[in-house]
Amino acid sequence: MRLSRSFGKTLRQAPADAETASHKYLTRAGFVQQVAAGIYSYLPLGWRSLTKISNIIREEMNRTGAQEVSMPVVQPRELWEQSGRADTFQPPLATLTDRRGRKMIIAPTHEETTTLMVAANLESYRDLPFNLYQIQTKFRDEARPRAGLLRVREFEMKDAYSFDKDEEGLDVSFREMADAYRRIFSRVGIDVRMVEADSGPIGGKDSNEFVLLADSGEDTIFVCSDENCGYAANAEKAEFKKPAAEPEEPRELEEVHTPGIKTIEALAEFVGVPVSKTVKAVFYTPETPSETSAGGEIVFVSIRGDLEVNETKLRNSMGGAELRFATPEEVAAAGIVAGSASAIGLDDENGPRSRARITSIADDSLVDSPNLVAGANRTDYHLKNGNYGRDFSADVVADIAMARAGDACPNDCNGHLVEHRGVEVGHIFKLGTRYSESMGATFIDEDGSEKLAIMGCYGIGIGRLLAATVEANHDDKGMILPRAIAPYEVYLARLNTNDETVVTAADKFYDELVSAGVEVLFDDRDEPPGVKFNDADLIGLPLRVVVSARGLRNGEIELKRRDSDEITMAPLSEGVQAVKVALEG
RNA sequence: CGGGGAGUGGCGCAGCUUGGUAGCGCGCUUCGUUCGGGACGAAGAGGCCCCGGGUUCAAAUCCCGGCUCCCCGACCA
């Protein structure tokens, strides 16, 4: 492609709205144009990159035997009522009404339509397993799109759905997809890690995210410092070995006067114990109060003073209930003394349980920690030597603690958790039978019984992958694109446009490269050298080739890889070969 | 949804406090010069000043209402 004919222009200055590197460079290089918040057009260069990513994904999906389909973006809302997600999907479904008054939605994902398609075509266990995928537009009306293409509302996504006759089959399909994803990201040319993730209320037992490490990423992930261990998980999921408490003989419960002491730090200092010997109490309220409670329901969470609550783990320990912090009024109404509250005495005659419905949850660290300092449930008093089992208990004991950098790895290794920021570019998880049940995807098994198909689903955000790649691969001049997803492989710059021999030689060389199958962006514009070099750096194609009067005096062209400062010369007569070698670099 | 910021040629900005001809840099057009890291000269084109209402002889500027975009947080199958 001749740059003089290529649609789209580079910008010297990025729009003021762009803050992240990928947003700035993709806009300045003329890859994308913002249309509305979180909604973008792709210009030719950007679309070529996106197409390359799509094709890599397509090849690797096909290699696993997955079959490509295409499903509608606009769907009847009834379909979502059938799956039960019409009112529960977050963010809320974008809806529209057609001319007959029928309610339609704009699809944020395609479990419903896939399962519908399968329900009509699946009859026997002999039909299984299979995997259907598509590369399709999705729309999610996010509360807050941000960071250019990293978090958008409308986006291209590869979504795949596997169907198996049993859990063992699902395990195989799941592993196949994980392997395919590793190949995809490796071919794209980026370092993506698979990490354990929370599967959420509807997920099955396994869920993994594929995360590209980048400081601008929204995700926090923890990776074990021991490379042989390999443990990696996102912050919602990450487990760790909690420092064990010194074994002690349980001592007598003892009340202490603690005037004005409200925080764990102050309490620990006042009593003269480390914070890990204290109990912290935190209060939540179910977002949708259960019918039995008539409001006023409190989730009373106890956790060791040195730990923080992980709300995802907490939610899971309660079967996926939506929780929010309780307001001070709600806490007070339950008879809980904020600042001096604890699970000790919850069930006393006039204790909180007598006034409000309370679910008590304790972090498992409390069970083995003896002689803890906790609130006395009356202002300015705390209790020493509280012991789980003897002095208090909980309805649920679970790991509900937030991992932090430096915590010990949960595996049997000597590593500790190292914190990274990252961008989630892929997510795979085991769905189970939730959709096959609601949409009726069943088959007759070998023994003649009707069974539900076991599903998995697997997504890759394509535009986000491009943006994340730029986040991880750029310098202060522009993008440094991996060859596999660069819109072209070579930026051929023709300098000295006033010199007939240069023009002729460059045109001829361009034709040679194209004939040899090299993808070339030919800067044939009548612009000064500085403009061409800067645009070459900005667009970030892997190899820059210069044809100039200076080089031609020796019959040479100049080659420079975008990821290196080294400039090499090669005879023009062997230019095509030199370009191919340099690209392999 | 809470907090903060911003809307003026394609991009970046000034003008608004104190109302009176809409301005600068980049980019764009034409001609000439120049030709290895965003060149120079000359001459041009291009603006419902986010929208609606109000005040005024007169509104980019003052007042009221709304919309949009960005950032932080909440949220993110």
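In the text below, chain A, chain B and the rest are named by the order of the sequence lines, each starting its count at 1.
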Point to revise | Pairwise P distance for B:U33 and B:U17, with rounding to whole Å | key: 49 Å
What is the distance from [atom1] of [X] to [atom2] of [N], rounded to the nearest Å?
| X | N | atom1 | atom2 | value |
| --- | --- | --- | --- | --- |
| A:Phe155 | B:A77 | CZ | P | 11 Å |
| A:Glu112 | B:A77 | CD | P | 15 Å |
| A:Leu93 | B:C76 | CG | C1' | 14 Å |
| A:Tyr458 | B:A77 | OH | P | 18 Å |
| A:Tyr25 | B:C11 | OH | C1' | 16 Å |
| A:Asp198 | B:C76 | CG | P | 11 Å |
| A:Leu79 | B:A77 | CG | C1' | 16 Å |
| A:Asp141 | B:C76 | CG | C1' | 12 Å |

Practice item. Identify whether NZ of Lys or CZ of Arg in A:Arg193 sits under 6.0 Å from the centre of the six-membered ring of A:Phe210 and within 45° of that ring's axis. Key: no
For [N], give its Watson-Crick or G-U wobble partner with both distances under 3.5 Å, or none.
| N | answer |
| --- | --- |
| B:U68 | B:A6 |
| B:U18 | none |
| B:G41 | B:C31 |

Revision key, fill the gap. With sugar-phosphate taken as primed atoms, P, OP1 and OP2 and all else as base, the protein-contact string of nucleotides 47-52 of chain B at under 4.0 Å (heavy atoms; B, S, -) is ------
Study note, to complete from the structure: Quick tally for nucleotides 33-38 of chain B: nucleotides whose base has a protein heavy atom under 4.0 Å get B, sugar-phosphate-only ones S, the rest -, giving --BBBB
Check your understanding: Looking only at side chains, do A:Tyr133 and A:Asn131 share a donor and an acceptor under 3.5 Å apart?
Key -> no
Please list, one pair per line, the donor and acceptor atoms closer than 3.5 Å that link side chains of residues 38-45 of chain A to other protein atoms, with sequence neighbours excluded.
residue : atom : partner : partner atom : Å
A:Tyr40 : OH   : A:His23 : NE2          : 3.2

With a 3.5 Å cut-off and sequence neighbours excluded, list the donor-acceptor pairs that the side chains of residues 139-148 of chain A form with protein atoms.
residue  : atom : partner  : partner atom : Å
A:Arg140 : NE   : A:Pro108 : O            : 2.8
A:Arg140 : NH2  : A:Pro108 : O            : 2.9
A:Asp141 : OD1  : A:Arg153 : NH1          : 2.9
A:Glu142 : OE1  : A:Arg151 : NH2          : 2.9
A:Arg146 : NE   : A:Glu218 : OE2          : 3.4

Check residues 528-545 of chain A and write down every donor-acceptor pair under 3.5 Å in which the side-chain atom is one partner and the other belongs to a residue at least two apart or another chain.
residue  : atom : partner  : partner atom : Å
A:Lys532 : NZ   : A:Arg494 : O            : 2.6
A:Lys532 : NZ   : A:Asp523 : O            : 3.3
A:Lys532 : NZ   : A:Arg525 : O            : 2.6
A:Asn534 : ND2  : A:Gly530 : O            : 2.8
A:Asp535 : OD1  : A:Thr10  : OG1          : 3.0
A:Asp535 : OD2  : A:Thr10  : OG1          : 3.3
A:Asp535 : OD2  : A:Arg525 : NH1          : 3.3
A:Asp535 : OD2  : A:Arg525 : NH2          : 2.9
A:Arg544 : NH2  : A:Glu558 : OE2          : 3.3

Every protein N/O lying under 3.5 Å from an N/O of nucleotides 67-71 of chain B:
residue : atom : partner  : partner atom : Å
B:C69   : OP1  : A:Ala37  : N            : 3.0
B:C69   : O3'  : A:Gln34  : NE2          : 3.3
B:C69   : O2'  : A:Asp17  : OD2          : 2.7
B:C70   : OP1  : A:Gln34  : NE2          : 3.0
B:C71   : OP1  : A:Ala147 : N            : 3.2

Point to revise | Over 12 foreign heavy atoms within 6.0 Å of CG, A:Asp215 | key: no
